[in-house]
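Only one structure is covered here, and it is reproduced in the block below.
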Amino acid sequence: MLFDFVLLEKLRSARHIAVFTGAGVSAESGIPTFRDAQTGLWAKFRAEDLATPEAFRRDPVTVWNWYAWRRELMADAGPNPAHLAIAQMQQVVPELTVITQNVDGLHAKAGSANVIELHGNIWNDFCADCRQQANGKEGTNNVPPRCTHCGGMLRPGVVWFGEALPADAWTRASDVLEVADVFFCIGTSSLVEPAASLPRYARSCGRTVVQINPEATSHDEIAQYVLRGKAGEVLPQLVQAAWPQVMPEVP
Ligand code: OAD
């Protein structure tokens, strides 16, 4: 892929780059997205039955088991070239912040040091009653396992529909937008609020917005650069073109 010279210059001179990611970034690691027509999770399952506090109250066993299945998929997955290219940018950009909607922890696994998890992390269970973090001593006899402090049921540490985002994560993400020179929007359908408003907010703050996605999304119209393709292919090429010293040539 050939990249705009002005974009490459903006990347090289950036002091702070923000990288906003969605499920598409982990697709090439074998983790299904939510809304892709054939393979997306919401094409096969109903979010109302699995990803709301009401669903958990109604049927905690089904919800717990669905997340246990997703955890298994994620445990077998490793970072792909997109996660690795983002982590490599850290070597050349004075400050780089990843703002992710993904709960799989793959950015950190790839070596990204500064990751804001807007929708939580699937590995960080906590008690649905007293909200204490799980401590690993809960045992496996109960489904869901019970909290060792109060006996309540553990739930996965993700944000469900109808719940607020972690306040500190949202504040940190908003702060980053005010200072980042370039804002990447990668692998997200940009349909779930409030996260979906971040690219628009970034543009209104005067940031250079770069969209990477094989499909069109509503954010194409606000991005100054739309790079159409898979993140695991486009990102390594882009990093190589901007900073050949950190990335060996990609075919
Ligand atoms: P979606 O499944 O809605 O969107 C995935 C996006 O990734 C689509 O725009 C695809 O075109 C794109 N995509 C697919 N493969 C790609 C690839 N190899 N490289 C780059 N892009 C690719 O996922 P999200 O936008 O992340 O929330 O969904 C947002 C939220 O909705 C999730 O965090 C989750 C879900 O319900 C909660 O669970 C609270």
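We number each residue from 1, following the sequence as shown. We count ligands from 1, going down the list as the structure has it; atoms in each ligand are counted the same way.
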CG-CG distance between Asn65 and Leu50, expressed to the nearest 0.5 angstrom
10.5 Å

So if I count the atoms of ligand 1 from 1 in the order they appear, which ones are less than 4.0 Å from some heavy atom of Glu215?
11 (O)

Provide, to 0.1 Å, the distance between atom 14 (C) of ligand 1 and the closest protein heavy atom, together with that atom's residue and name.
Asp36 OD2, 3.5 Å

Please write down residue, atom name and distance for the protein heavy atom closest to atom 32 (C) of ligand 1.
Phe34 CE1, 3.5 Å

Ligand 1 atoms nearer than 4.0 angstrom to some heavy atom of Phe161 are 36 (O)

Taking atom types as modelled, is there a side-chain donor on His16 or Thr97 under 3.5 Å from an acceptor on the other?
yes

Heavy-atom check, side chain of Arg203 versus side chain of Gln224, under 4.5 Å
yes

Min heavy-atom dist Val192 to ligand 1 below 4.0 Å:
yes

Within the structure, does Ala23 bring an N/O atom to less than 3.5 angstrom of an N/O atom in ligand 1?
yes

Under 4.0 Å from a heavy atom of Glu28: give me the atoms of ligand 1 that qualify, with their elements.
17 (C), 18 (N), 19 (N)

Please determine if Arg71 forms a cation-pi arrangement with Trp64, meaning its NZ or CZ atom is less than 6.0 Å from the six-membered ring centre and no more than 45° off the ring axis.
yes

Could you go step by step and tell me if Asp220 and Arg228 meet the salt bridge (Lys or Arg N to Asp or Glu O under 4.0 Å) rule?
CA-CA 10 Å; Asp220 285 5; Arg228 190 72 74 225; 2.8 Å; yes

Below the 3.5 angstrom mark, is there an N/O of His119, backbone or side chain, next to an N/O of ligand 1?
yes

Which of parallel (below 30°), tilted (30 to 60°) and perpendicular (above 60°) describes Trp66 and Phe45?
perpendicular

Show the atoms of ligand 1 that are less than 4.0 angstrom away from any heavy atom in Ala231.
17 (C), 19 (N), 20 (C)

Short N/O distance, under 3.5 Å, between Val25 and ligand 1?
no

Side-chain contact test, heavy atoms from C-beta onward, threshold under 4.5 Å: evaluate it for Val239 versus Val246 and give yes or no.
yes

Assess whether atom CZ of Arg12 is packed by more than 12 heavy atoms of other residues, nucleotides or ligands within 6.0 Å.
yes

Sub-3.5 Å N/O-N/O distance, Asn102 and ligand 1:
no

Which residue and atom name correspond to the protein heavy atom nearest atom 13 (N) of ligand 1, and how close is it?
Gly24 CA, 3.6 Å

Are Pro166 and Val159 side-chain neighbours, meaning at least one heavy-atom pair lies under 4.5 Å?
yes

Close side-chain approach of Arg70 and Val103, heavy atoms under 4.5 Å:
yes

Are Asp36 and Thr33 close enough, and set up right, to give a side chain to side chain donor-acceptor pair (under 3.5 Å), and what steps lead you there?
CA-CA 6 Å; Asp36 280 291; Thr33 62; 2.5 Å; yes

The option among Leu191, Thr100, Thr188 carrying the non-hydrogen atom nearest to atom 25 (O) of ligand 1 is Thr188

Which atoms from ligand 1 have a heavy atom of Gly22 less than 4.0 Å away?
26 (O)

Please check if atom NZ in Lys137 has more than 12 non-hydrogen atoms from other residues, nucleotides or ligands closer than 6.0 Å.
no

Under a 4.0 angstrom heavy-atom cut-off, which atoms of ligand 1 come close to Asn213?
8 (C), 9 (O), 10 (C), 11 (O), 12 (C)

Return yes when atom NZ of Lys230 has more than 12 non-hydrogen atoms of other residues, nucleotides or ligands closer than 6.0 Å, and no otherwise.
no

For atom 29 (C) of ligand 1, what's the nearest protein heavy-atom neighbour? Residue, atom name and distance, please.
Gln101 OE1, 3.3 Å

Before signing off on this row, confirm whether Gly187 and ligand 1 have an N or O atom pair separated by under 3.5 Å.
yes

Identity and distance of the protein heavy atom lying nearest atom 1 (P) of ligand 1
Ser189 OG, 3.6 Å

re atom 31 (O) of ligand 1, the protein heavy-atom contact at minimum distance is Arg35 NH1, 3.0 Å

Tell me whether Val19 is reachable from Val25 by hopping between hydrophobic residues (I, L, V, M, F, W, Y) whose side-chain heavy atoms are closer than 4.5 Å.
yes

Looking only at distances, please establish whether an N/O atom of ligand 1 is found under 3.5 Å from an N/O atom of Trp42.
yes

So Met74 and Ser29, do their side chains get closer than 4.5 Å, heavy atoms only?
no

Backbone or side-chain N or O of Ile186 under 3.5 Å from ligand 1 N or O:
no

Do me a favour and list the nearest non-hydrogen protein atom to atom 39 (C) of ligand 1 with residue, atom name and distance?
Val159 O, 3.1 Å

Closest approach of any protein heavy atom to atom 15 (N) of ligand 1, naming residue and atom:
Ala27 CB, 3.8 Å

Heavy atom of Pro214, distance to ligand 1 below 4.0 Å:
yes

If I apply the N/O under 3.5 Å rule, does Thr217 come out as touching ligand 1?
no

